Asker: 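Sharing a structure, written as structure tokens. Questions coming.
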Amino acid sequence: MEIDPFIFRLSIFILSIFVGYYVVWSVTPSLHTPLMSVTNAISSVIIVGAIIASLSGDADKIFDTANIFGFLAIVLAAVNIFGGFLVTQRMLAMYKKKKKGK
Amino acid sequence: MSPNLLAVFYLVSGVLFILALRGLSSPETSRKGNLFGIIGMAIAISVTLLSVGNFSTGFLYLLAFLLIGGSIGAFIAFKIPMTAMPELVAGFHSLVGLAAVFVAISAFLSPEVFNLGFIGNIKLASLIEMSLGASIGAITFTGSIIAFLKLRGIMSGNPITFIAQHYINLLLGISVAVLIFYLCKTQSANIFWFIILISFLLGILLIIPIGGADMPVVISMLNSYSGWAAAGIGFTLENTALIITGALVGSSGAILSYIMCKGMNRSFFNVILGGFGGTDSSSSTKGKEQRPVKSGNADDAAFLMKNASSVIIVPGYGMAVAQAQHALREMVDALKKNGVKVSYAIHPVAGRMPGHMNVLLAEANVPYDEVFELEEINNNFSNCDVAYVIGANDVTNPVAKTDPQSPIYGMPILDVEKSKSVLFVKRSLSPGYAGIDNDLFYRDNTLMLFADAKKMTEEISKSL
């Protein structure tokens, strides 16, 4: 009997939880705020679903209900992607070490 | 593009996201990590566009919408003041949640696009996955909106409680599960809408009983939810990048909530069930005899600190409210010129989100190697001449160690009272969030500085 592809996805999911667990514990507490903003940005990879949804169907049906929801999701996810990564960049740029000789 | 190649690319972007989080283990590697994240996102978006391969009018609309969203996001990212970071993060969470809901709706309305079957005959597993994703996404959306309103101060930070609250939430939770079961049996669109509607309501009801200072836990929890919602959608779309990311974000948020709860010595359920602090504060303070406190002015404080050899600064939410971080750094610069050794002590739950204080200090150009976490610095208080408490309260209350009756008993606190003298900047003697009196106010070695945190700090700098 063949293995259901769902099981493979489940395996990836479970292993990723463990990877996440160990990686996040090693994040220094002083960077917990950037951690939240960057996880925010990467969870917006949900935009791939939105892209597929919005580009589906024939050209004359661009504004079908399903497509409209796709477009809306694209706007929301794009706000998050750009906002999340840029604000993280801005925060991380502020973390500086003591200057030597001062 | 072949589905296999596509899957490999999604895997690559998933790995890049892991590296993005890994980079955050130290400030030096963090900027590179963020770059990995951006590359991962760019790969995921480009290969998806290529795989759909539909570059007609719809594509132009897509680019337009991407540009609109992107410019709004970039605008916010550059304009937002660092003190507003907690509400920004809450706001961003709400967007992820809503995006998950929208993608789920669109998958439900045209399942054939995603290879999930046909309207009225969607695969069972996909139906469960998308309704779970939609439900968690909806809870994340409204929950984050409430958190945003509370953090922004539009809504009162006091917990809102009413009779049978938890039973109503439980009932709503069960009804979502029952509805998902019936959705699988009937494939009815009405049930699907109902699930989303109830989840919206549940998100609101879950967050309103939680008070302002418990927001670090709430934000972390919603962060976690947004991850699980993304993972649910990832299963529906059979997309590895989304599954990996969802799992990463989900566990990241869960760990942060755990750290925050431990910082308050409270269980997760105790926080989530809410109703802590706020309303009952009046009863505990009234009718108590007035105990003597010593209060001083900026000159006294300046004199004490100038003659100290080491000073530890304890910042809290009050510093964020007063925007005193820059004034504080100037004061510290003046102290350093006098040869005083200065470090900063940060409690895990100081502020309104994990790491809130660290970001504010970084913004004020405080080098991060002068900033220490509770465990790293707590032993140093006994050798320190002056502790300067600015905007923190409950996290310094020695009652947490001595009085088993106290609501904060057992909470790890900064041992401020062990330093030779304590300067406590505060507007009045009012109790902190936990609604209890701070024993520290009445100690012999405490000098209260009654003023606005920023004003007082500036005055001290002047007299130094």
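Computed from a predicted model, the values in this text were never measured in an experiment. Reminder, nothing fancy here: chain letters follow the sequence lines and each chain counts from 1.
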Asker: Report the C-alpha distance between Ile74(A) and Ile68(B) in whole Å, list the side-chain angles of each, state the deciding distance to 0.1 Å, and finish with yes or no for side-chain contact (heavy atoms from CB on, under 4.5 Å).
Answerer: CA-CA 10 Å; Ile74(A) 285 180; Ile68(B) 294 171; over 6 Å; no

Asker: About how many Å separate NE2 of His93(B) and CG of Asn40(A), when rounded to the nearest 0.5 Å?
Answerer: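 Interatomic distance, Asn40(A) CG to His93(B) NE2, rounded to 0.5 Å: 4.0 Å.
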
Asker: What closest approach, in Å, do Leu35(A) and Ser252(B) show between heavy atoms, and which atom pair accounts for it?
Answerer: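 It is CD2-OG, 3.7 Å.
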
Asker: Quick one: which residue pairs count as a side-chain hydrogen bond (donor to acceptor under 3.5 Å, both in side chains) with a foot in residues 72-95 of chain A, not counting sequence neighbours?
Answerer: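 Qualifying pairs, neighbours excluded: Ser37(A)-Thr88(A), Gln89(A)-Asn34(B).
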
Asker: Which one of Val79(A), Val87(A), Val27(A), Val19(A) has the most heavy-atom pairs closer than 4.5 Å to chain B?
Answerer: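 The candidate making the most pairs under 4.5 Å is Val79(A).
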
Asker: Between Thr245(B) and Ser44(A), is there a side-chain heavy-atom distance shorter than 4.5 Å?
Answerer: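 Ser44(A) vs Thr245(B): side chains apart.
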
Asker: Quick check on Ile346(B) against chain A: is it the side chain, the backbone, both or neither that has a heavy atom closer than 4.5 Å?
Answerer: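 Answer is neither: Ile346(B) stays 4.5 Å or more from chain A.
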
Asker: Rounded to the nearest 0.5 Å, what separates atom CG in Leu11(B) from atom CD1 in Ile12(A)?
Answerer: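 Reported value, rounded in 0.5 Å steps: 7.0 Å.
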
Asker: Do Ile45(B) and Ile81(A) have side chains that get closer than 4.5 Å, going by heavy atoms?
Answerer: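 Of all side-chain heavy-atom pairs linking Ile81(A) with Ile45(B), at least one is under 4.5 Å.
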
Asker: For chain A, which of Glu363(B), Arg22(B), Met41(B) has the most heavy-atom pairs under 4.5 Å?
Answerer: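 That would be Met41(B).
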
Asker: To check you understand the geometry: which heavy-atom pair defines the closest contact between Ala77(B) and Leu86(A), and what is its length?
Answerer: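 Closest pair (atom of Ala77(B), atom of Leu86(A), distance): CB-CB, 3.6 Å.
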
Asker: Non-hydrogen atoms of chain A under 4.5 Å away: do they reach the side chain of Phe372(B), the backbone, both or neither?
Answerer: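 For Phe372(B), neither part sits under 4.5 Å from chain A.
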
Asker: Can you tell me which of Ile17(A), Ile42(A), Val75(A) forms the most heavy-atom pairs within a distance under 4.5 Å of chain B?
Answerer: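 With the most close heavy-atom pairs to chain B, the winner is Ile42(A).
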
Asker: For Val38(A), which atoms come within 4.5 Å of any heavy atom of chain B: side chain, backbone, both, or neither?
Answerer: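 When you check distances to chain B, only side chain atoms of Val38(A) fall under 4.5 Å.
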
Asker: Could you tell me which portion of Ala74(B) (side chain, backbone, both or neither) has an atom closer than 4.5 angstrom to a non-hydrogen atom of chain A?
Answerer: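 The answer is both parts of Ala74(B).
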
Asker: If you take all heavy atoms of Ser106(B) and Gly70(A), which pair is closest and at what distance?
Answerer: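 Heavy-atom minimum between the residues: CB-N, 4.3 Å.
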
Asker: Can you tell if the side chain of Tyr10(B) reaches within under 4.5 Å of the side chain of Val48(A), non-hydrogen atoms only?
Answerer: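 The answer is yes; the side chains approach within 4.5 Å.
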
Asker: Just do the side-chain contact (heavy atoms from CB on, under 4.5 Å) check on Asn67(A) and Tyr61(B) with the steps written out, would you?
Answerer: CA-CA 11 Å; Asn67(A) 298 41; Tyr61(B) 281 112; over 6 Å; no

Asker: Relative to chain B, which of Gly20(A), Ala93(A), Gly83(A) shows the most heavy atom pairs under 4.5 Å?
Answerer: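 Counting heavy-atom pairs under 4.5 Å, the top option is Gly83(A).
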
Asker: Given a strict heavy-atom distance threshold of 4.5 Å, which part of Ile51(A) is in contact with chain B: side chain, backbone, both, or neither?
Answerer: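 Both backbone and side chain.
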
Asker: Of all of Val371(B), Val359(B), Ile244(B), which one pairs up most often with chain A through heavy atoms under 4.5 Å apart?
Answerer: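 Most pairs with chain A among the choices: Val359(B).
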
Asker: When rounded to the nearest 0.5 angstrom, what distance separates CG in Asn239(B) from CD1 in Ile52(A)?
Answerer: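 It comes to 7.0 Å.
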
Asker: Could you report the tightest heavy-atom contact between Phe92(B) and Gly84(A), atom names first, then the distance?
Answerer: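 Phe92(B) and Gly84(A) have their closest heavy atoms at CE1-N, 3.7 Å.
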
Asker: Would you find a donor on one side and an acceptor on the other, under 3.5 Å apart, between the side chain of Ser30(A) and the backbone of Gly355(B)?
Answerer: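 Looks like no, no N/O pair under 3.5 Å.
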
Asker: If you define the side chain from C-beta out and look only at heavy atoms, does anything of Val103(B) sit under 4.5 Å from Phe69(A)?
Answerer: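 Result no, sub-4.5 Å side-chain heavy-atom pair not found.
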
Asker: Below 4.5 Å from any heavy atom of chain A, which atoms of Leu237(B) appear? Answer side chain, backbone, both or neither.
Answerer: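 Just its side chain gets close to chain A.
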
Asker: Calculate, to the nearest 0.5 Å, the distance between atoms CD1 and CG belonging to Ile46(A) and Leu98(B) respectively.
Answerer: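 So the gap between those two atoms works out to 10.5 Å.
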
Asker: With a 4.5 angstrom heavy-atom cut-off, is it the side chain or the backbone of Ser30(B) that approaches chain A, or both, or neither?
Answerer: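 Its backbone and side chain both get close to chain A.
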
Asker: Evaluate side-chain contact (heavy atoms from CB on, under 4.5 Å) for Ile105(B) paired with Thr65(A), printing each intermediate quantity in order.
Answerer: CA-CA 9 Å; Ile105(B) 291 176; Thr65(A) 329; over 6 Å; no

Asker: Is it the backbone or the side chain of Val52(B) that comes under 4.5 Å from a heavy atom of chain A, or both, or neither?
Answerer: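 Contact with chain A: side chain only.
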
Asker: With a sphere of 6.0 Å drawn around NZ of Lys32(B), does it hold more than 12 non-hydrogen atoms of other residues, nucleotides or ligands?
Answerer: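 Count not over threshold, so no.
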
Asker: Could you measure the distance from the CG atom of Leu72(A) to the CZ atom of Phe102(B)? Nearest 0.5 Å is fine.
Answerer: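 Output value for this atom pair is 5.0 Å.
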
Asker: Which answer fits Glu373(B), side chain, backbone, both or neither, if we ask what part of it has an atom under 4.5 Å from a heavy atom of chain A?
Answerer: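 The answer is the side chain of Glu373(B).
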
Asker: So, for Arg31(B) and Leu92(A), which heavy atoms are closest and what is the spacing to 0.1 Å?
Answerer: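 Between these two residues, the closest heavy atoms are NH1-O, 2.6 Å.
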
Asker: I would like to know whether Val45(A) and Ser13(B) meet side-chain contact (heavy atoms from CB on, under 4.5 Å); could you show each step before the answer?
Answerer: CA-CA 10 Å; Val45(A) 74; Ser13(B) 54; 5.5 Å; no

Asker: Among the options Leu109(B), Asn223(B), Thr240(B), Asp369(B), pick out the one with the most heavy-atom pairs lying under 4.5 Å from chain A.
Answerer: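 Highest number of heavy-atom pairs under 4.5 Å: Asp369(B).
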
Asker: Taking Val89(B), Asn365(B), Leu256(B) one by one, which has the highest count of heavy-atom pairs under 4.5 Å against chain A?
Answerer: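 Most pairs with chain A among the choices: Leu256(B).
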
Asker: For Ile243(B), is it the side chain, the backbone, both or neither that has a heavy atom under 4.5 Å from a heavy atom of chain A?
Answerer: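 When you check distances to chain A, atoms from both the backbone and side chain of Ile243(B) fall under 4.5 Å.
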
Asker: Side chains of Asn358(B) and His32(A), heavy atoms from C-beta outward: is any pair under 4.5 Å?
Answerer: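 Result no, sub-4.5 Å side-chain heavy-atom pair not found.
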
Asker: Which bit of Phe36(B) is near chain A, if near means a heavy-atom gap under 4.5 Å: side chain, backbone, both or neither?
Answerer: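 Nothing of Phe36(B), per the 4.5 Å heavy-atom cut-off to chain A.
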
Asker: Of the non-hydrogen atoms in Gly70(B) and Ala78(A), which two are nearest, and what is the gap between them?
Answerer: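 In this case the closest contact between Gly70(B) and Ala78(A) is N-CB, 3.7 Å.
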
Asker: Out of Leu24(B), Leu66(B), Ile18(B), which one racks up the most heavy-atom pairs below 4.5 Å with chain A?
Answerer: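 Ranked by heavy-atom pairs under 4.5 Å with chain A, first place is Leu24(B).
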
Asker: Side-chain donor-acceptor contacts of residues 2-10 of chain A below 3.5 Å, not counting sequence neighbours, with atom names and distances?
Answerer:
{"from": "Asp4(A)", "atom 1": "OD1", "to": "Phe6(A)", "atom 2": "N", "distance (Å)": "2.9"}
{"from": "Arg9(A)", "atom 1": "NH2", "to": "Glu238(B)", "atom 2": "OE2", "distance (Å)": "3.4"}

Asker: To the nearest 0.5 Å, how far apart are CG in Leu248(B) and CZ in Phe13(A)?
Answerer: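 Answer for the CG-CZ pair, Leu248(B) versus Phe13(A), is 10.5 Å.
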
Asker: Examine whether an atom of Lys337(B) lies under 4.5 Å from a heavy atom of chain A, and if so say whether it belongs to the side chain, the backbone or both; otherwise answer neither.
Answerer: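 Neither part, no heavy atoms under 4.5 Å.
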
Asker: Side chain, backbone, both or neither: which part of Ile259(B) has a non-hydrogen atom closer than 4.5 Å to chain A?
Answerer: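 Just the side chain, heavy atoms under 4.5 Å.
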
Asker: Using only heavy-atom distances, determine whether the side chains of Asp64(A) and Ser110(B) contain a donor-acceptor pair under 3.5 Å.
Answerer: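 No.
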
